[in-house]
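The sequence lines fix the lettering, A, B, ..., with proteins before strands; numbering per chain opens at 1.
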Amino acid sequence: MEDRRVRVRFAPSPTGPLHIGGVRTALYNYLLAKKHGGDFILRIEDTDQTRFVPGAEEYIIEALKWLGITPNEGVGFGDGQYAPYRQSERKPMYRQYVEQLISSGHAYYAFDTAEELESMRERLKASNVDAKYDAITRAAMKNSLTLPEDEVKRRLESGEPYVVRIKLPRKDEVKFHDEIRGWVSFNTSQMDDKVLFKSDGMPTYHLANVVDDYLMQISHVIRGEEWLPSAPLHVLLYRYLGWEEVMPKFAHLPLLLKPEGNGKLSKRDGDRLGFPVFPLEWKDPASGEISSGYRETGYLPDAVVNLLAFLGWNPGTQQEMFSMAELIAAFGLDRVSKSGAKFDLNKAKWFNQQYIRKTDEVLLASALNKTLQKKAIDAGNEYVLAVCRLVKEKITFISELWTYSQYFFIEPDSYDEVVVAKRWNEKSAPVTQQLMDAFAGLPAFDAASIEAAYNDALAKNEVANKDFLQLFRVMLSGVGSGPPVFEMAALFGRENTTKRLQNALAKLAS
RNA sequence: GGCCCGUUCGUCUAUCGGUUAGGACAUCAGGUUUUCAUCCUGGAAAGAGGGGUUCGAUUCCCCUACGGGCUACCA
C-alpha cells in the first residue's frame with residue numbers, strides 16, 4: 001500500500017473562475033505528484049448542472065497552463081486510460097454503485113418533497129433539535145425504510161422523483177488519519193443521511209468524488225479544509241463500497257483567508273481586496289463584470305507559483321526563492337501548516353519584483369514590444385532592449401514596463417511640478433543652455449562623457465549637483481525618478497536629448 | 001446553536017522539552033547611490049489566558065477565550 005503509485009487530482013467545479021486558493025490546491029497536488037514521479041489529473045466536477053458557468057472550464061485549463069501547473073491527464077490535457085474526466089460524461093458509471101449500496105443496506109430511496117423536508121427542519125428547529133435527516137428523523141419521513149415495499153416499488157415504477165440517501169449508523173465513531181492534521185474523529189450521531197444520488201439522475205459530489213477517486217486509483221486526496229467535515233462521510237462510503245483497502249490518504253489544506261477582517265477568501269471577493277483573487281482576468285458572462293487577474297496585473301507565473309507555495313507551506317530553511325523544480329524537490333505534506341493564511345500583498349509584490357529582476361531582458365523586451373505595437377511605436381529592437389535593461393530594477397509588475405518607460409518613446413509634455421517648484425531657479429536656464437552647447441561638442445555621446453560635461457557646466461555656474469540633477473532628469477523624462485540619468489541621456493542620443501532640453505526650457509523658462 | 005479544525009512579531013513562518021524564540025515582507029532610524037522607486041547597516045516587533053505533566057514548557061495534556069470551516073437534491 002505504501003508504495004502505491006502516487007496519483008492525485010485537482011477537481012474543481014466549473015462554476016466560475018478558479019480563485020487563488022484553488023490554484024494553490026492544484027499546485028500542492030502537482031508538487032506531490034511530480035515529487036514522486038506520479039500522475040496529476042484534472043477532473044471536472046460538474047454534477048450540478050444548475051451552476052454551470054460557460055467559459056469556466058476553459059478558464060481553469062488556461063490558468064493551469066499559464067502557471068505551469070500542468071496535469072498529465074484529464075480535461076484539456078489529454079485522456080489517460082481513465083477517461084472521461086468530466087463527471088457529467090461519467091453519469092452512467094455511478095448508478096451501479098448506488099445500487100450496490102442500496103442492496104447492501106447502506107443506502108435507501110427517499111421520496112420527500114422539498115416542502116416536506118422544509119417542514120421537518122422547521123419542526124425540529126422549533127423544538128431545539130438539530131435539524132437533520134438522520135437515524136432518528138428518517139423514521140418519520142417518506143423513504144424505502146418506512147414505506148411498505150410494494151409502495152416503494154410502485155413509486156419507483158411510476159417514475160416518481162426520488163433521491164438516494166446514505167444510511168448512517170445512529171452512533172458510530174469514524175476516525176481517519178489526515179496527513180496534515182493527524183487523527184481526526186467524528187461521530188455519525190452528528191452527521192446526516194446525505195443525498196448520494198439526486199432526483200435528476202446525477203450523483204452528488206460525495207458519491208461521484210469517491211467513485212471517481214476509486215476508479216481513477218487516486219492515492220492522495222489533497223483538498224481545502226472546507227471538506228474536512230465531509231471526509232468521514234467519504235470514509236464511510238469507501239468502507240460500504242468495500243474499498244477501504246485502497247482508500248486514498250487525505251490531506252486537508254488550511255484555508256486562504258481574506259487579508260482584512262475575517263473569513264475565507266472567496267470568488268466573490270473579486271477586486272475589492274486590492275489584489276487579484278484570480279489567476280487570469282475573468283469576465284462574468286452574466287453580469288459582464290470584470291475581475292482582474294494576476295497575469296493581466298503584471299505578475300510573472302513563476303512568482304505566483306512561488307508566493308502561493310509559501311502560503312501554507314515552507315521548506316524549513318531560510319530559502320524563499322524557489323523555482324518549480326526546486327519546489328518539487330523540497331515539497332512535502334509534512335511541512336504544510338495547519339492554520340489558515342492571510343494573503344499579504346506586500347510580500348506578493350516583493351516576490352514579483354525579485355522575479356522580474358531575474359527575468360531576461362529579451363523576455364521583458366518582447367512584453368514591452370507588444371505594448372509598443374498597440375501604440376504604433378516603432379523604436380527598434382536594440383533600443384527597446386536597452387530600455388528594459390534600465391527600467392528592470394525599478395519595476396514591480398510587467399505592466400509597469402510601459403508606465404515607467406514611456407518617456408523613452410514619447411517626449412514629455414509635462415514636468416513633475418513638485419521637483420520644478422523646488423529646484424527651478426534663475427540659474428537653471430543658463431546651465432541648461434550651457435549643457436546643450438557642451439553636448440553639441442562632445443566627441444562621443446556616452447554616459448561618461450555626458451557626466452563629465454554635466455559636471456563641468458555645473459561647476460562653471462556654481463550650481464550644486466543636488467540642486468540640478470533631479471531637475472535635469474525631469475527635463476529629460478518629465479518624471480522625478482527613474483534609471484541613472486546619464487545612462488538615460490546616452491540612450492536618448494545626442495539629438496533627442498538636446499531636443500528634450502530645448503522643449504523643457506521653452507516650457508519652464510516662461 | 002451543534003460538530004470539527006486551528007491559535008508564535010502587523011503578515012507569512014522556523015522551533016519537533018532546555019534557544020539572547022530565528023528568517024522574510026511591511027515598518028522605523030541611519031548610510032550609500034552627486035537625484036530617485038535600487039542597495040547596505042541597524043532598531044522596534046511574537047508564544048491568547050488559566051490550569052496541569054516535568055528538574056525545565058512556545059513545544060505534551062485539560063479548560064476557557066478567540067478565529068475559521070461545515071451544518072443543501074452546491075461543490
Asker: Considering only the P atoms, how many Å lie between G10(B) and U27(B), rounded to the nearest integer?
Answerer: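 About 15 Å, rounded to a whole number of Å.
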Asker: Which part of the nucleic acid does K394(A) contact within heavy-atom distance under 4.0 Å: base, sugar-phosphate only, or nothing?
Answerer: base
Asker: Which part of the nucleic acid, if any, lies within reach of Y133(A) when heavy atoms closer than 4.0 Å are counted: base, sugar-phosphate only, or nothing?
Answerer: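 Result for Y133(A) = nothing.
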Asker: Any Lys/Arg nitrogen of E400(A) or K394(A) sitting under 4.0 Å from an Asp/Glu carboxylate oxygen of the other?
Answerer: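 No salt bridge links E400(A) with K394(A).
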Asker: Summarise protein proximity over nucleotides 69-75 of chain B in one line of letters, 5' to 3': B for base, S for sugar-phosphate only, - for none, counting protein heavy atoms closer than 4.0 Å.
Answerer: SS--BBB
Asker: Give me the distance, rounded to whole Å, that separates G68(B) from U41(B) when you measure between the P atoms they each carry.
Answerer: 39 Å
Asker: I'd like the C1' distance from U7(B) over to G50(B), given in whole Å.
Answerer: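 Here G50(B) and U7(B) have their C1' atoms 15 Å from each other.
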Asker: Tell me, yes or no, whether the heavy-atom count around K175(A) atom NZ, taken from other residues, nucleotides or ligands under 6.0 Å, exceeds 12.
Answerer: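 12 or below, so no.
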Asker: Could you check which nucleotide pairs with C66(B) in any of the strands shown, counting Watson-Crick or G-U wobble with both distances under 3.5 Å?
Answerer: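 Its partner is G6(B) (Watson-Crick or G-U wobble, both distances under 3.5 Å).
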Asker: Counting Watson-Crick and G-U wobble pairs only, both distances under 3.5 Å, name the nucleotide matched with A24(B), or none.
Answerer: U11(B)
Asker: Taking the P atom of each, how far is C40(B) from U59(B), in whole Å?
Answerer: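 Per the computed distance, 36 Å lies between those P atoms.
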Asker: Does C16(B) have a Watson-Crick or wobble partner in any strand here, with both distances under 3.5 angstrom, and which is it?
Answerer: none
Asker: Across all strands shown, which nucleotide pairs with U33(B) by Watson-Crick or G-U wobble geometry, both distances under 3.5 Å?
Answerer: none
Asker: Across the strands shown, which category fits G312(A) at heavy-atom distances under 4.0 angstrom: base, sugar-phosphate, nothing?
Answerer: sugar-phosphate
Asker: Atom CG of L256(A) and atom C1' of U11(B): how far apart are they, to the nearest Å?
Answerer: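 The answer, rounded to whole Å, is 13 Å.
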Asker: Answer with base, sugar-phosphate or nothing: what part of the nucleic acid does R181(A) contact at a heavy-atom distance below 4.0 Å?
Answerer: sugar-phosphate
Asker: Within this structure, what is the CZ-to-C1' distance between F250(A) and C4(B), rounded to whole angstrom?
Answerer: 15 Å
Asker: For residues W282(A) and Y59(A), establish whether the separation of their ring centroids is below 6.0 Å.
Answerer: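 Judged by ring-centre distance (under 6.0 Å), W282(A) and Y59(A) do meet the cut-off.
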Asker: What is the distance from OH of Y404(A) to P of C36(B), rounded to the nearest Å?
Answerer: 16 Å
Asker: Taking N or O atoms only and anything under 3.5 Å, show me the protein contacts with nucleotides 14-16 of chain B, one pair per line.
Answerer:
unit_1	atom_1	unit_2	atom_2	d
A14(B)	OP1	N314(A)	ND2	3.1
A14(B)	O3'	R335(A)	NH2	3.3
U15(B)	OP1	R335(A)	NH2	3.4

Asker: So if I apply the side chain to side chain contact (heavy atoms under 4.5 Å, CB included) rule between Y109(A) and each of V98(A), N143(A), I102(A), which one comes out positive?
Answerer: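 For Y109(A), the side chain to side chain contact (heavy atoms under 4.5 Å, CB included) check succeeds only for I102(A).
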Asker: How many Å lie between CZ on R24(A) and P on C12(B), as a whole number?
Answerer: 12 Å
Asker: Round to a whole Å and report the spacing from CD of E487(A) to C1' of U35(B).
Answerer: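 Distance check: E487(A) CD to U35(B) C1' gives 14 Å.
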Asker: Take a 6.0 Å sphere around CD of E462(A) and say whether it holds more than 12 heavy atoms from other residues, nucleotides or ligands.
Answerer: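 No - once you tally the heavy atoms of other residues, nucleotides and ligands closer than 6.0 Å, there are 12 at most.
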Asker: At less than 4.0 Å, is any side-chain N or O atom of R357(A) found next to OP1 or OP2 of A37(B)? Yes or no.
Answerer: no
Asker: Whole Å only: how far is the CG atom of L401(A) from the C1' atom of A37(B)?
Answerer: 15 Å
Asker: With rounding to whole Å, what would you report as the distance between A37(B) and G30(B) at their P atoms?
Answerer: 15 Å
Asker: In whole angstrom, give the distance that lies between atom CE of M475(A) and atom C1' of U35(B).
Answerer: 12 Å
Asker: State plainly whether the residues R389(A) and E487(A) are in salt-bridge range, i.e. N to O under 4.0 Å.
Answerer: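 No, this pair does not count.
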Asker: Only one of E122(A), R123(A), E118(A) forms a side chain to side chain contact (heavy atoms under 4.5 Å, CB included) with M120(A), so which one is it?
Answerer: R123(A)
Asker: How about W424(A) and Y415(A): are their ring centres within less than 6.0 Å of each other?
Answerer: no
Asker: So, do K198(A) and D48(A) sit near enough that their side-chain heavy atoms are less than 4.5 Å apart?
Answerer: yes
Asker: Does S185(A) reach a base, just sugar-phosphate, or nothing at all? Heavy atoms under 4.0 Å.
Answerer: sugar-phosphate
Asker: Tell me whether the NZ or CZ atom of R165(A) lies within the 45° cone about the ring axis of Y133(A) and under 6.0 Å from its centre.
Answerer: yes
Asker: Would you measure the distance from the P atom in C61(B) across to the matching atom in C25(B) and give it in whole Å?
Answerer: 34 Å
Asker: How is F343(A) classified with respect to the nucleic acid when contacts are heavy atoms under 4.0 Å: base, sugar-phosphate, or nothing?
Answerer: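 Counting heavy atoms under 4.0 Å across all strands, no contact is made by F343(A).
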Asker: Within the 4.0 Å limit for protein heavy atoms, which parts of nucleotides 23-31 of chain B are touched? Write it as a string from 5' to 3', B for base, S for sugar-phosphate only, - for none.
Answerer: SBBS-----
Asker: Going by heavy atoms in the side chains, are L265(A) and K342(A) under 4.5 Å from each other?
Answerer: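 No; the side chains remain at least 4.5 Å from each other.
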Asker: Can you measure I356(A) atom CD1 to U38(B) atom C1' for me and round it to whole angstrom units?
Answerer: 14 Å
Asker: Does the structure place the NZ or CZ of R335(A) under 6.0 Å from the centre of the six-membered ring of F331(A), at an angle of no more than 45° from the ring's axis?
Answerer: no
Asker: Considering heavy-atom distances to RNA chain B, does W313(A) or G480(A) have its closest nucleotide positioned more toward the 5' end?
Answerer: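 Looking at the nearest nucleotide for each, W313(A) comes out on the 5' side.
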Asker: Tell me which nucleotide, if any, is Watson-Crick or G-U wobble paired with U38(B) when both distances must be under 3.5 Å.
Answerer: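 Matched U38(B) with nothing under the 3.5 Å cut-off.
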Asker: For a quick test of reading the model, state the closest non-hydrogen atom pair linking A489(A) to L476(A) and the distance between them.
Answerer: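 That would be CB-CD1, 4.0 Å.
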Asker: Using a heavy-atom cut-off of 4.0 Å across all strands, would you classify N455(A) as base, sugar-phosphate, or nothing?
Answerer: base
Asker: Could you give the distance separating A21(B) and A45(B) at their P atoms, to the nearest angstrom?
Answerer: 13 Å
Asker: What distance, rounded to whole Å, do you find between the two C1' atoms, one in C9(B) and one in A14(B)?
Answerer: 13 Å
Asker: Is there a donor-acceptor contact under 3.5 Å linking the side chains of D212(A) and Y94(A)?
Answerer: yes
Asker: Is the ring pair W183(A)/H177(A) parallel, tilted or perpendicular, if the boundaries are 30 and 60 degrees?
Answerer: perpendicular
Asker: Return the 5'-most residue of the pair L311(A), K338(A) with respect to RNA chain B, ranking by each residue's nearest nucleotide.
Answerer: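 By nearest-heavy-atom nucleotide position, the 5'-most residue is K338(A).
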Asker: State the pairing partner of C60(B); accept Watson-Crick or G-U wobble contacts with both distances under 3.5 Å, and report none otherwise.
Answerer: G52(B)
